[in-house]
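Below is one structure, written out as structure tokens, with a few remarks after it.
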Amino acid sequence: MLTKKHLGALLGTLIVCSGLLAACGNKSSQSKQVLNLAVSSDLATMDPSHASDTTSMQMLENTGEGFLQLGKDSKIEKELATKITTSKDGLTYTFNLRKDAKWSNGQPVTAKNFVYGWQRTVNPKTASEYAYLYSGIKNADAIMNGKKNYQTLGIKAVNKYQVQVNLEHRISYFKLLMAMPVFYPQNQQAVEKYGSKYGTNAAKTISNGPFVLKGWKGTNEKWQLAKNKNYWDKKQVHLTAINFQVVKSPSTGLNLFQTGKLDQTQLLGSQVASEKSSKNYVLNKSATSVYLQFNLKNPADSDLKAALNNVNIRKALSLTLDRKQLTNKVLSDGSLPAKGFVTSDLAKNPKTGTDFAAEAYVKDGVAYNKSAAKDYWTKGLKQLGVSKLKVSLLSDDDDASKQTAEFVQSQWESLLPGLAVDVQSVPKTVRISRSQKGNFDIVISGWGADFSDPVTFLNLYQAGNSGDAGGYNNPNYNQLIDEINNNPSNNESVRWDNMVKAEKILMNDQITIPLYQKSNSFLQSKKLKNLIVNTAGPAHNYKKVYLK
């Protein structure tokens, strides 16, 4: 998010703009209200069934709407739904829709749009990256496994403006899911008209939210969100437009901000120290985890499969990394050394109030211990019957990602005898594509919490999940995730304990190497003083922004 959101989040993912902006009063706009913002990665898609990166999620959150949205502190707010009814057993949700909502082409938004969008997403032929989030909705798993027709999904249009959703079991975070673009309605006429080209450029996109996308041709690095004249709540949309551009270099961003061409820019490294005292400085902590992922199934170098599947090798690679040095000396942007795979301050134990990251903490999983690292390395090489290894390290090509990759390369090569590391920095869209195709050895991945529950991270390593790019398949872990998602006892304490167990499995096996929890240091203009930050879930809604 995933921004999300993906979200992903918030959604995933190195985020440049990570905030929910609130209205600055009841005053209506008397002149053009325009924001100039930057994102750190290209816009990949405007198809809700396929969006999984932060930039795509941010654009979809502002051009689309679903039943619900997340406000400050992940508070559920109604969006297209005017009334929500839940059955006593928690298995049936009925959403009444507002009758004045329209698509950007003037057509009404109806219950059938939700049915079509949901069915399209779970249809295996669509190959949606986020379809797994439908697990628990009636027949969703059977559909995604090819055992049932996609039209049997537990959603139906009761009438033109009422939708009923049936679950197989209670989903404690169901309403949080409803704020994600993957659950938005979809206009069947538009999707079928453009076919495989749907969502690949502004002309082949349709919207039902406060803004419409303009100027995006599919590969260019500048585009605009313009006010949607057909939006039901257009009186509350004060902005005339938001101009976006991709800025991968912090030095470029700083120059654009200082010359008045950007209203917000991300700071990195020495920029933070020099600008920290500025009245325009802002620090946002996000629920985004940056971590290393191993290709256990089919690495680009097939000779590495045994090495990457060796737990001693993985532990050695983790223990050589001084995460404090990475965050304090290299990135210097307020990011924090990882405490685990699930980020800190995301969720608390329902009984004790203890933070999940503290309760699930495995010290050796994120420790810096050169001596232990060399011992594991020597043992692992001996088991493999080799004296040296060469691995490729895949990363995004923005400055923060490249700095992280170079740091990891330096630590590994200097502390582990016989290890050579080839860094491959590519555009984020390319990295995502290569990850999904399994074309990597080790990759620097990022994931932003989609909602404020640890399972938004833990789901990623369940076998078959689109986030499981490395092919991890641990039966015990898979069973735990099933129990967490199904929660058969309907006991939140049991569910919590299972999530703690799942995190500890990942860290004890060192199946992932968490590096840091992302924080974002910004300079932002005076007119953005009313920035409110969500740590998880949709956090890019500019609907009610009014610029002074």
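Since this is a predicted model, take the numbers as computed values, not measurements.
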For [X] against [Y], the heavy-atom pair lying closest together:
X    : Y    : result
A405 : V423 : CB-CG1, 3.8 Å
K324 : T327 : O-OG1, 3.2 Å
T126 : S49  : CG2-CB, 4.0 Å
P181 : M57  : CG-SD, 3.7 Å
D398 : S401 : OD1-OG, 2.8 Å
G64  : Y184 : C-CE2, 3.5 Å

I'd like to check the ring pair (Phe, Tyr, Trp, His ring centres under 6.0 Å) partners of [X]; sequence neighbours left out, ordered by chain and number.
X    : value
Y477 : Y472
F174 : Y93
Y173 : F451
Y368 : none

Electrostatic pair R120-D47, nearest N-O below 4.0 angstrom
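Looking at D47 together with R120, the answer is yes, because their closest N to O distance falls below 4.0 Å.
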Taking atom [atom1] of [X] and atom [atom2] of [Y], what is their separation to the nearest 0.5 Å?
X    : Y    : atom1 : atom2 : answer
Q186 : Y198 : CD    : OH    : 6.0 Å
D399 : Q266 : CG    : CD    : 9.5 Å
S395 : K428 : OG    : NZ    : 12.0 Å

Does [X] reach the side chain of [Y], with side-chain heavy atoms less than 4.5 Å apart?
X    : Y    : result
S435 : Q293 : no
V443 : L292 : no
I481 : I484 : yes
L176 : I76  : yes
T265 : V247 : no
T240 : K227 : no
L419 : L317 : yes
N105 : N187 : yes

Do the side chain of [X] and the main chain of [Y] share a donor and acceptor less than 3.5 angstrom apart?
X    : Y    : value
D355 : S344 : no
T55  : S41  : yes
R314 : T512 : no
N295 : F440 : yes
D42  : A44  : no
Q517 : S286 : yes
K234 : K229 : yes
S56  : A51  : no
R434 : N439 : yes

Go through the structure and list residues passing side chain to side chain donor-acceptor pair (under 3.5 Å) with S128, not counting sequence neighbours.
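In terms of side chain to side chain donor-acceptor pair (under 3.5 Å), with neighbours along the sequence ignored, S128 is linked to no residue.
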List for me each residue that meets side chain to side chain donor-acceptor pair (under 3.5 Å) alongside K248, sequence neighbours excluded, and say none if there are none.
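Expected list: D397.
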Is the centre of the F67 ring less than 6.0 Å from the centre of the F183 ring?
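Ring centroids of F67 and F183 are no less than 6.0 Å from each other.
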For D301, give me all partners under salt bridge (charged side-chain N to carboxylate O under 4.0 Å, His left out), at least two apart in sequence or on another chain.
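For D301, no residue satisfies salt bridge (charged side-chain N to carboxylate O under 4.0 Å, His left out) once neighbours in sequence are set aside.
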Considering only residues two or more places apart or on different chains, which pairs with a residue in [range] satisfy salt bridge (Lys or Arg N to Asp or Glu O under 4.0 Å)?
range            : answer
residues 329-338 : D333-K518
residues 217-226 : none
residues 249-271 : D263-K527

Flag for Q245-N243: side-chain donor and acceptor within less than 3.5 Å:
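Their side chains do not contain a donor-acceptor pair, so the 3.5 Å distance test is not met.
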With distance as the sole criterion, is a donor-acceptor pair present between the side chains of R323 and S318 under 3.5 Å?
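Yes - a donor-acceptor pair under 3.5 Å links their side chains.
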Going through the checks in order, is the salt bridge (charged side-chain N to carboxylate O under 4.0 Å, His left out) test met by K297 and D468?
CA-CA 10 Å; K297 191 174 182 181; D468 183 25; over 6 Å; no
Going by the side-chain hydrogen bond (donor to acceptor under 3.5 Å, both in side chains) test, which pairs reach into residues 403-414, not counting sequence neighbours?
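As it turns out, the side-chain hydrogen bond (donor to acceptor under 3.5 Å, both in side chains) pairs with a partner in residues 403-414, which skip direct neighbours, are T320-W412.
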Y291 and ring pair (Phe, Tyr, Trp, His ring centres under 6.0 Å): which partner among Y516, F457, F341?
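Considering Y516, F457, F341, a ring pair (Phe, Tyr, Trp, His ring centres under 6.0 Å) with Y291 is found only for F341.
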Among L37, L239, T63, side chain to side chain contact (heavy atoms under 4.5 Å, CB included) partner for L225:
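Going through the options one by one, the only one that passes is T63.
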Solution key, residues 203-216 side-chain donor-acceptor pairs under 3.5 Å, sequence neighbours excluded:
| residue | atom | partner | partner atom | Å |
| --- | --- | --- | --- | --- |
| T205 | OG1 | N201 | O | 2.8 |
| N208 | OD1 | E65 | N | 3.0 |
| N208 | ND2 | E65 | O | 3.2 |

